[in-house]
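A quick note: this is a predicted structure, and the numbers were derived from the prediction, not measured. Within every chain, numbering begins at 1; the chains are lettered A, B, ... in the order of the sequence lines, protein sequences first and strands thereafter.
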Number of protein chains: 2
Amino acid sequence: MNNPSRLDRLRDAGYKLTNARTVVLNVIETHEGHMTSAEILDAVASRDSSIGRASVFRTLDLLTRLAIIRPTYTAGSATPTYVLMPDGHHHHIVCVQCHQTIEFEDCGLGSLAERLEGEFGVKLTGHLLEFYGICGACSEAGVVDDEV
Amino acid sequence: MNNPSRLDRLRDAGYKLTNARTVVLNVIETHEGHMTSAEILDAVASRDSSIGRASVFRTLDLLTRLAIIRPTYTAGSATPTYVLMPDGHHHHIVCVQCHQTIEFEDCGLGSLAERLEGEFGVKLTGHLLEFYGICGACSEAGVVDDEV
DNA sequence: GATGTAAATGATACCACGTCTCAATATGAC
DNA sequence: GTCATATTGAGACGTGGTATCATTTACATC
């Protein structure tokens with residue numbers, strides 16, 4: 001459950017392994033799936049109430065910069081949810097009706113990433129792929145959606 | 001520039017074609033690339049100062065629900081940027097150092113989409129693909145990043 | 001193990017994004 | 001033109017996230 005390699009990535013990038021960072025990362029690793037910032041704040045507080053809000057948000061930003069987690073929108077323009085990127089990448093399908101998310105693994109984007117690195121002179125470390133559509137339950141419920 | 005089909009999609013979905021909605025959509029269509037909510041608010045205000053903030057945010061939510069635009073995070077956990085999904089899909093590279101975005105067209109995800117539709121019984125209408133990495137300028141600037 | 005230094009922390013004040021409420025208005029159907 | 005209803009605009013409000021800064025912690029060096 002507690003994967004030391006992610007802490008190593010922090011240290012290797014020149015960041016100190018502090019208690020706040022360890023707890024925040026552990027919270028996200030323990031909870032499978034998407035988490036809102038409020039859920040993360042609650043979970044961190046319940047493990048160590050001495051950790052301040054500011055440090056939690058700072059750590060979230062740091063983990064985002066290191067492509068360990070990624071903020072995404074599942075619904076409207078409300079708060080984002082943070083999702084762990086196990087090997088630097090994450091893929092899911094979002095139902096635009098009920099906002100259910102379906103995660104899947106295989107994306108076959110390796111060759112595209114290589115092509116883009118050559119084409120734009122960038123070094124890619126991860127990616128997020130989101131599909132939008134109507135899930136089986138919603139289409140069976142007879143919900144009418146717009147055609148593209 | 002002004003694509004009437006998107007207004008049709010609003011009406012077909014049962015929404016009224018009001019001035020606020022027309023102006024907001026037009027602002028986003030006119031401005032190529034990503035826009036923050038602040039930029040959208042400014043642009044809308046300069047075209048018609050009588051349009052209220054609430055209506056702008058309501059319209060952004062509505063357009064998101066219809067998969068016409070999509071909020072994404074380019075930087076940390078700050079404000080999202082909204083991006084038009086021309087044919088239901090959008091792809092870009094985000095530099096995790098300077099937050100510059102590079103957009104590209106070809107993604108080759110058609111076959112994956114078909115496979116997912118069969119596998120999960122969903123009907124997909126669009127997708128967003130984000131790559132993260134270090135852009136050429138930042139890596140030349142000697143910024144050290146972590147190895148995956 | 002002790003010491004030093006810079007990074008990181010926690011507390012709080014602070015700000016802005018986005019939401020809610022509600023009377024007034026515009027839209028589209030008839 | 002008239003009507004019912006969705007939508008609006010104004011502003012107060014809540015809350016998520018940030019900036020500041022003195023204090024503390026992690027880690028390297030000795």
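Backbone-only contact: B:Arg21 has heavy atoms under 4.0 Å from sugar-phosphate atoms and none from a base. Within 4.0 Å (heavy atoms only), B:Ala20 reaches sugar-phosphate atoms of the nucleic acid but no base atom.
How far NE2 of B:His31 is from CG of B:Asn26: 13.5 Å, rounded to the nearest 0.5 Å. In this structure, OH in B:Tyr132 is found 12.0 Å from CD1 in B:Ile93, a value given to the nearest 0.5 Å.
Side-chain N/O atoms of B:Ser55 include none lying less than 4.0 angstrom from OP1 or OP2 on D:dT7. Within the 4.0 Å cut-off from OP1 or OP2 of D:dT8, not a single side-chain nitrogen or oxygen of B:Ser50 is found. Applying the 4.0 Å criterion to OP1 and OP2 of C:dT9, one finds that A:Thr18 has a side-chain N or O inside that range.
The side chain of B:Ala54 lies closest to D:dG9 when the candidates are D:dG9, C:dC17, D:dG17. With distances taken from any side-chain atom of B:Ala38 to the nucleotides C:dC17, C:dG18, C:dT12, the minimum falls on C:dC17. Side chain of B:Leu17, nearest nucleotide from C:dG28, C:dA8, C:dC20: C:dG28. Taking every side-chain heavy atom of A:Thr79 into account, D:dG17 is the closest of D:dG17, C:dT9, C:dG28. Candidate nucleotides C:dT9, D:dT7, C:dG18 were compared by shortest atom distance to the side chain of B:Lys16, and D:dT7 ranks first.
Note that the two end axes of the helix from C:dG1-D:dC30 to C:dC30-D:dG1 enclose an angle of 60°, each drawn from 5 base pairs, rounded to 10 degrees.
One can find a donor-acceptor pair under 3.5 Å joining the base of C:dG10 and the side-chain atoms of A:Arg58.
Summarising the geometry, the separation between CZ on B:Phe57 and C1' on D:dT7 is reported as 17 Å, rounded to the nearest angstrom. B:Tyr15 has its OH atom 15 Å from the C1' atom of D:dT5, to the nearest Å. Following rounding to the nearest Å, A:Arg11 (CZ) and D:dA26 (P) show an atom-to-atom distance of 13 Å. The distance from atom CG of A:Asp8 to atom P of D:dC27 is 11 Å, rounded to the nearest whole Å. Between B:Arg53 atom CZ and C:dA16 atom C1' there is a gap of 11 Å when expressed in whole angstrom units. Rounded to whole angstrom, the span from the CG atom of A:Leu10 across to the C1' atom of D:dA26 amounts to 13 Å. Atoms CG (B:Asn19) and P (C:dT25) sit 15 Å apart, rounded to a whole Å. Remark: P of C:dT25 and CD1 of B:Ile51 are 17 Å apart, rounded to the nearest angstrom.
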Pairs under 3.5 angstrom only: tabulate donor-acceptor contacts from the side chains of residues 11-18 of chain B to other protein residues two or more places apart or in another chain.
| from | atom 1 | to | atom 2 | distance (Å) |
| --- | --- | --- | --- | --- |
| B:Arg11 | NH2 | B:Asp8 | OD1 | 2.9 |
| B:Tyr15 | OH | B:Arg65 | NH1 | 3.4 |
| B:Thr18 | OG1 | B:Arg21 | N | 3.3 |

Using distance only, find each side-chain donor-acceptor pair of residues 36-46 of chain A under 3.5 Å and give its atom names and separation, not counting sequence neighbours.
| from | atom 1 | to | atom 2 | distance (Å) |
| --- | --- | --- | --- | --- |
| A:Thr36 | OG1 | A:Glu39 | N | 3.2 |
| A:Glu39 | OE1 | A:Thr36 | N | 2.9 |
| A:Ser46 | OG | A:Ala43 | O | 2.9 |

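A donor atom on one side chain and an acceptor atom on the other are not found under 3.5 Å apart for B:His91 and B:Glu103.
Under 4.0 Å is where a charged nitrogen must lie from a carboxylate oxygen, and between B:Glu29 and B:Arg6 at least one such pair does.
Between A:His127 and A:His90, the gap from one ring centroid to the other reaches at least 6.0 Å.
A donor-acceptor pair under 3.5 Å links the side-chain atoms of B:Glu117 to the main chain of B:Leu124, judged by distance alone.
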